[in-house]
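Remarks on the structure that follows.
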Amino acid sequence: MSKRDYYEILGVDRSADESAIKSAYRKLAMKYHPDRNPGDKSAEDSFKEATEAYEILKEPQKRQAYDQYGHAGVGQGSGFSGGFGGGFEGFDLGDALRAFMRDFGGGGGGSVFDDFFGGGMGSSGGRRSRGEDLRIRVRLTLEEIESGVDKSVKVKRLVNCDSCAGSGVAAGSSRKTCGQCKGAGRVRTISRTFLGTVQQVQICNVCRGSGEVISDPCKSCHGEGRVRGSSTVHVNVPPGVSSGNYMTVDDMGNSAPNRGEAGDLIVVFEEEEHAHFTRHGDNVLCEVPISFVTAALGGEVEVPTLKGPEMVKIPTGTQNGKVVKMRGKGIPHLNRSGRGDQLVQVVVWVPTKLKEDEKKTLQKLKSSDSFDPPEGGKSFFEKLRETLGV
Ligand SMILES: [Zn+2]
Ligand SMILES: [Zn+2]
């Protein structure tokens, strides 16, 4: 998923002025606002997406940076790189709701308050907040990536309070509708200023938006409904993942305060360095030293693979640096069939200590024509002279 163009999101052209941008955003925000689409994740995403586009395009400086450099010019700078290229990291629903309320929630002609609540504040009920998403990194060996692996990871998170079953209410007591906002979670204040009457909508400060109050809070969680804890999460890692790929485990982020929906756990994979292999896409590369005798005569050598050692044939007359391909011995492709190869680079090793009789044998061979490097039939220096034209 890559980020959509901000102009395209708002459905305005690149020369649209500020008021056109504002009105385009207002329409989208009204359509996708979470209060109008409870529990609809795709509406929530559309709301966040439109708000993000609006936040950038309404600011002349940010808009200019975006026009010039695209999304890179206005990155959220979350410091979280990797597989989340298309996400709205650093810009969550809370930010989007605040931005929307800031520009459209207040009094005057821009207010959407009545559109939302139809004037009847008591009937709409408070919003239950969602628990925060959590991110963890899981390190994987190349072998685990090759085969796929089930990982159990312990995650520190806020869990539902046992004492009150997440309700935040002490035993024998119960939640009551907030008297301040009559359960709406928001209050409208009207103040007279020298500019005239100003209407403002704010999160209710008594119930903090939940629409309910607890007179006798649970002692263990102080009414939060959640406490510090941990959970063991099982992650079924498919073969072929790379560093920065991630999986989302539903509901394993923090539990929500006020009995809302738990956040998600985002598990980001990280590849460990390997003693023998370097990874290039789905191919794995390794170097294998062979003796110069094997290089000259050919033979079989043992090489490591991700599934254990295997014998590989070295052809007669193998030069140093030659790459032998072991087809299909690399990493399986993620999300499609087939797999990469293992590429073995041969390093011809020259002995550093020789016994007397070995030296004599080599001395005998030294004068043989077969031992002169050919360099295309000419010596290195001959070729060099030719190249330089001297
Ligand atoms: Zn309230
Ligand atoms: Zn509790």
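Bear in mind that the values here come from a model prediction, so they are computed numbers and not experimental data. Counting starts at 1 for both ligands and their atoms, following the listed order.
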### Ionic contact status for Glu310 with Lys329, cut-off 4.0 Å
yes
### Message
If you round to 10 degrees, what value do you get for the angle at the Zn ion (ligand 1) between Cys204 atom SG and Cys178 atom SG?
### Response
110°
### Message
Using a strict threshold of under 4.0 Å (side-chain N to carboxylate O), is an ion pair present between Glu270 and Arg137?
### Response
yes
#### Entry: Cys221 near the Zn ion (ligand 2) via N/O/S, less than 2.8 Å
yes
### Task
May I have the step-by-step check of ring-ring contact (aromatic ring centres under 6.0 Å, His included) for Phe47 and Tyr32, ending in yes or no?
CA-CA 5 Å; Phe47 179 73; Tyr32 293 119; 8.5 Å; no
### Message
Quick check for you: with the Zn ion (ligand 1) as the vertex, what angle do SG of Cys207 and SG of Cys181 span, to 10°?
### Response
110°
### Task
Compute the angle centred on the Zn ion (ligand 2) spanning SG of Cys164 and SG of Cys218, and express it rounded to 10 degrees.
110°
### Query
Distance from Arg4 atom CZ to Glu49 atom CD, nearest 0.5 Å?
4.5 Å
